[in-house]
Amino acid sequence: NAGVTQTPKFQVLKTGQSMTLQCAQDMNHEYMSWYRQDPGMGLRLIHYSVGAGITDQGEVPNGYNVSRSTTEDFPLRLLSAAPSQTSVYFCASSGWTSGGFDEQFFGPGTRLTVL
Amino acid sequence: AQKVTQAQTEISVVEKEDVTLDCVYETRDTTYYLFWYKQPPSGELVFLIRRNSFDEQNEISGRYSWNFQKSTSSFNFTITASQVVDSAVYFCALSEAEYGNKLVFGAGTILRVKS
């Protein structure tokens, strides 16, 4: 199993450009999430999904869109990049066990810089 | 609203010392999950433990131990006989029972273990 994969690993954008951060998992997990990590602030939830076709906003959704057309993929779209979106982005997935929600498995992250 | 507080921004210890990382949480839910993750300098997020709110048993895994106390809303993490390889950022996180993929993270504690 590859686990959770994210592409690209690094990206530099100019203000106003758009792009899509890719996230895929091969563990057949229903639950997926996107977080951003900024210095001194821990990770904050951007959007999450509880299954294909079902998404919802997290704590900091402005400027981002998501879709979930398949169980495996959960791309994050930046509509018009701003310097405030400079951050490290993590995608995560999790499943369900008899004990409840399982741990979230995190991808390696995408380091995005917006100039 | 849920909140996680890690009051210790940075801790420095000498190898073989014991160290405790504090985590205090706030939630109105009666059922929830608590997590600890480690982020080494390489940047990936490593799962350490998940705890259900109805399971207050303390847990020990090698040099790691966790003390969960609902009465004080705390979920503290102790490393016994610390090693240089323990140097990392440690995050405590909380999720509601219904959506275990909506993690609320603390700001993290930077642990530096010196030889």
Side-chain angles (χ1 to χ4, degrees), chain A residues 3-6 9-10 23 25 27 29-51 54-61 66 68 71 74 87-112, chain B residues 1-10 21-26 29-55 57 59 61 66 88-110:
Chain A
V4 180
T5 58
Q6 291 183 238
K9 290 187 178 180
F10 301 94
C23 173
Q25 52 95 6
M27 297 172 282
H29 286 164
E30 289 296 318
Y31 307 97
M32 297 187 74
S33 305
W34 275 102
Y35 298 87
R36 60 178 287 173
Q37 182 178 18
D38 301 299
M41 298 186 70
L43 282 77
R44 291 180 294 167
L45 182 66
I46 305 172
H47 285 283
Y48 67 99
S49 170
V50 298
I54 307 170
T55 64
D56 205 347
Q57 297 180 351
E59 179 186 356
V60 289
V66 293
R68 184 97 180 272
T71 298
F74 191 40
S87 188
V88 180
Y89 292 84
F90 287 97
C91 178
S93 75
S94 54
W96 180 271
T97 68
S98 58
F101 275 98
D102 207 349
E103 68 187 86
Q104 282 207 300
F105 292 84
F106 284 83
T110 294
R111 186 173 295 272
L112 175 68
Chain B
Q2 298 183 323
K3 184 179 178 181
V4 175
T5 301
Q6 295 180 255
Q8 303 150 309
T9 303
E10 185 170 337
L21 309 182
D22 297 333
C23 174
V24 175
Y25 62 91
E26 297 175 26
D29 297 332
T30 55
T31 305
Y32 48 88
Y33 299 94
L34 292 163
F35 303 82
W36 275 95
Y37 281 87
K38 173 183 179 180
Q39 187 174 45
S42 51
E44 74 272 24
L45 286 154
V46 179
F47 167 78
L48 296 177
I49 190 171
R50 180 199 70 166
R51 173 65 71 211
N52 294 334
S53 57
F54 48 84
D55 181 2
Q57 277 193 338
E59 183 156 339
S61 176
W66 291 269
V89 183
Y90 290 86
F91 293 101
C92 180
L94 165 71
S95 77
E96 57 191 89
E98 184 176 6
Y99 295 106
N101 58 328
K102 289 176 63 179
L103 291 184
V104 174
F105 282 82
T109 296
I110 301 170

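Just the heavy atoms: all of them, side chains too, but no hydrogens, waters or symmetry mates, feed the values below.
Proximity to chain B (any heavy atom under 4.5 Å) is restricted, for A/Q37, to the side chain, taken from C-beta onward. Proximity to chain B (any heavy atom under 4.5 Å) is shown, for A/S93, by neither the backbone nor the side chain. B/A97 touches chain A through its backbone: at least one of N, CA, C or O sits under 4.5 Å from a heavy atom, while the side chain does not.
Under the 4.5 Å side-chain criterion, counting only non-hydrogen atoms from C-beta, A/F90 is in contact with B/Q39.
In this structure, CH2 in A/W96 is found 11.0 Å from CG in B/N101, a value given to the nearest 0.5 Å. Note that CZ of B/F35 is 7.5 Å distant from OG of A/S94, once rounded to the nearest 0.5 Å. One distance of note links CZ of B/F47 with CD of A/Q104; it measures 10.5 Å at 0.5 Å rounding. Separation of atoms CZ (A/F106) and OH (B/Y37) is listed at 5.0 Å; rounding is to 0.5 Å.
With sequence neighbours left out, the ring-ring contact (aromatic ring centres under 6.0 Å, His included) criterion links A/Y89 to A/Y64. Under the salt bridge (Lys or Arg N to Asp or Glu O under 4.0 Å) criterion, B/D55 pairs with B/R51, sequence neighbours left out.
Heavy-atom contacts from other residues, nucleotides or ligands closer than 6.0 Å to CD of B/Q57 number 12 or fewer. The 12-atom threshold is not exceeded at CZ of A/R111, counting heavy atoms of other residues, nucleotides or ligands nearer than 6.0 Å.
Judged by distance alone, the side chain of A/Y35 and the main-chain N or O of B/L103 form a donor-acceptor pair under 3.5 Å.
Of the residues considered (A/L45, A/L43, A/D56), A/L43 shows the highest number of contacts with chain B, using heavy-atom pairs under 4.5 Å.
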